[in-house]
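Just so you know, ligand 1 is whichever comes first in the structure, and atom 1 is the first atom listed for that ligand. Computed over heavy atoms, backbone and side chain alike; hydrogens, waters and symmetry mates excluded.
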Amino acid sequence: MSNYKTNPKFNRKAIQVEAAQQLIANKVKLIDTEQVRLEDAHDRIIAQDVIAPHPYPFFRRSGMDGYAVRSADLSIASSDQKVQLAIIDEIPCGYSSQKEIVEGTAARIMTGAEVPLGADAVVMLEATEQCEVEGRPYVVFKRPTSQGANVTPVGFEVSEGDLLVKKGTLLTAGEISVLATFGIHQLSVFRKPQVGIFATGTELLGIEEELEPGKIRNSNSYMLQSQVKEAGGEPHLLGAIVDDLKLAEQKLQEALSTYDVVITTGGVSVGDYDIMGDLVRQDGTEMLFNKVTMRPGSVTTAAYIQNKLLFALSGNPGACFVGFELFVRPALQGMQASEQPYLARWTAVLGADYSKVNNFTRFVRGKLEVKNGQVFAFPAKVDESSVMVTIKDSDCLIIIPPDKKGLQAGDAVEILKLGR
Ligand SMILES: Nc1nc2c(c(=O)[nH]1)N[C@H]1C(S)=C(S)[C@@H](COP(=O)(O)OP(=O)(O)OC[C@H]3O[C@@H](n4cnc5c(N)ncnc54)[C@H](O)[C@@H]3O)O[C@H]1N2
Ligand code: MOO
Ligand SMILES: [Mg+2]
C-alpha cells in the first residue's frame with residue numbers, strides 16, 4: 001500500500017498549461033529532412049524557402065479568345081466608323097508568334113496564348129466581325145479598346161525573386177500548385193516524426209477480443225494513432241501492457257531506441273497500479289511536469305529521456321485526447337518547424353450556460369456553429385474526463401477559465417479549434 005505522506009506520487013506541483021507547453025518547446029529539436037517528389041509532398045511541411053526563379057506569368061498572356069491589336073488603331077472605332085485590320089497570324093496556346101503587330105494589323109489569338117509583339121490589347125471575339133477584302137481576311141471593330149485590355153502582364157502574379165513558399169509551411173493544394181508552376185518537382189520536407197504508442201492497463205483488451213467482465217478495449221491507442229497522423233507524425237502501435245513497472249520500463253526502452261517520440265496512455269495518476277508516474281521519477285529521466293492546472297488531463301506527464309520526449313498521457317479518454325492536443329501536437333509540429341504548432345485560438349459566443357467551474361482551467365469539448373455571422377460554441381452534454389463518446393462530436397475545445405462564477409450563454413469565450 002502506498003503511504004500517502006511519503007510517496008512522492010502524491011507530491012505533485014501543478015503548473016499552468018502555458019508553462020508546461022514552454023517546457024516541452026524547450027526540448028523540441030528540428031527533425032532531419034528528406035527529399036520527396038512533388039506528388040508525394042501533400043500534407044508535408046516544407047523544409048526550404050522556395051524563391052520564384054522567374055516571373056509568373058512568364059509571357060504576356062491573352063485572357064480571351066479574340067484578336068490581339070494595337071489599341072491606338074481602334075481609337076476612332078464606332079458603329080458609324082468601323083475599323084478594319086488585316087489578320088496577319090493565328091496564335092493558339094503554346095505558340096510564340098514571330099510576327100509583330102504593326103499599324104493596320106491584328107492577330108487571331110486564343111485564351112492563354114502569348115500576346116504578340118506590338119499588340120497591347122486583346123478584343124474578345126464576340127465584339128468583332130470578320131470579312132474578306134481581295135481574298136484576304138480582315139477583322140472589323142465597332143468600338144475602341146483600352147491599352148492592356150485582356151492582356152495579363154508578365155509577373156502579374158509573381159515577380160522573379162518573390163518568396164513563394166516559406167520553410168515550415170504545410171503543403172496543400174495551393175502550395176502544390178505553386179511548386180508545380182515553378183517546376184519544383186523535387187523538394188526538401190521534414191521527416192515525419194516516428195511516434196511509438198503503447199497503452200498500460202491490466203484491464204485492456206485488444207480491439208479484436210471479446211469483452212470480459214471488468215475489461216475494456218484499448219481505444220486510446222487508436223485515437224492517438226489518428227491524432228498523431230493529423231499532427232503530421234507517423235504512428236506505430238506497440239500494443240498494451242499490464243500494469244507492471246518492470247514491463248513498462250522494458251517497453252519504454254524499446255520504444256525510445258526505435259522512435260523519435262513516445263506516447264503512453266494510462267497509469268499516470270495516484271492509484272496503486274499507476275506505474276507511469278513512478279517510471280518518470282527514475283534516474284536518468286528528466287521529469288518535465290506531472291501535474292497541470294487543467295481539466296481534463298490534470299495528471300498529464302511529460303519527461304525527457306535519452307534526448308527524446310515521452311508523453312505519459314492519462315488513461316481517461318477525454319484527458320488523453322486533450323493532453324495530446326495541448327502538448328504532443330505542438331511538439332510534433334514544432335519538430336517540423338511548423339509556423340503554427342499550437343491549435344488555433346478563436347473567440348466565440350458560448351452557446352449554452354456552463355456551470356462546472358473550478359480552480360483549474362477547463363478544456364470542454366464543444367461544437368461550433370455559425371449563426372447570423374457569429375461563431376457559437378456549444379459545450380458537449382457530457383464531457384467528463386472518463387467519457388469517450390462525445391470526442392467524436394467535437395470540433396473545438398472551449399476554454400473555461402478558473403473562475404467561481406460560471407459562464408452564461410452569450411458570454412464571449414476563447415476556443416481552440418481542433419483539426420488542422
Ligand atoms: N485519488 C485520486 N484518483 C484519481 C485522481 C486523483 O487526483 N486522485 N485523478 C483522476 C483523474 S483527474 C484522472 S484523469 C484519472 C487518471 O487516471 P490514469 O491516467 O492513471 O489512468 P488509468 O488509471 O490507467 O485509467 C483511467 C481510466 O481510463 C481507462 N483507460 C485506461 N487506458 C485506456 C485505454 N488505452 N483505452 C481506453 N480507456 C482506457 C481506464 O480503464 C480507467 O477507466 O485518475 C483519476 N483518479
Ligand atoms: O486528468 Mo483528470 O482528467 O484532470 O480529470
Ligand atoms: Mg490510474
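Residue-level contacts of ligand 2 at the 4.0 Å heavy-atom threshold are Met294, Arg295, Pro296, Gly297, Ser298, Val299, Ala319, Ser385.
Heavy atoms of Ser219 come nearer than 4.0 angstrom to ligand 1 in at least one pair. Put simply, no part of Gly271 is less than 4.0 Å from ligand 1, judged by heavy atoms. Residue Ser385 places a heavy atom under 4.0 Å from ligand 1.
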Practice prompt. Quick one: do Leu187 and Leu38 satisfy side-chain contact (heavy atoms from CB on, under 4.5 Å)? Show the steps, please.
Written response: CA-CA 7 Å; Leu187 62 146; Leu38 186 61; 3.9 Å; yes
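Between Val228 and Ile263, the closest side-chain pair of non-hydrogen atoms falls below 4.5 Å.
Residues Ala52 and Phe182 approach most closely at CB-CE2, 4.0 Å, considering heavy atoms.
Proximity to Ser298 (heavy-atom distance under 4.0 Å) selects the following atoms of ligand 1: 12 (S). Less than 4.0 angstrom separates some heavy atom of Val268 from each of these atoms of ligand 1: 18 (P), 19 (O), 20 (O). Remark: ligand 1 atoms within the under-4.0 Å shell around heavy atoms of Val270 are 1 (N), 2 (C), 8 (N).
Counting heavy atoms closer than 4.0 Å to ligand 1, residue Ser314 contributes atoms from both its backbone and its side chain. Only the side chain of Asp274 comes within 4.0 Å of ligand 1, counting heavy atoms alone; its backbone N, CA, C and O stay farther away. Contact annotation: for Asp243 versus ligand 1, there are no heavy atoms closer than 4.0 Å. Counting heavy atoms closer than 4.0 Å to ligand 1, residue Leu313 contributes nothing at all.
Between Phe327 and Phe289, the angle of the ring planes lies from 30° to 60°, which puts this pair in the tilted group.
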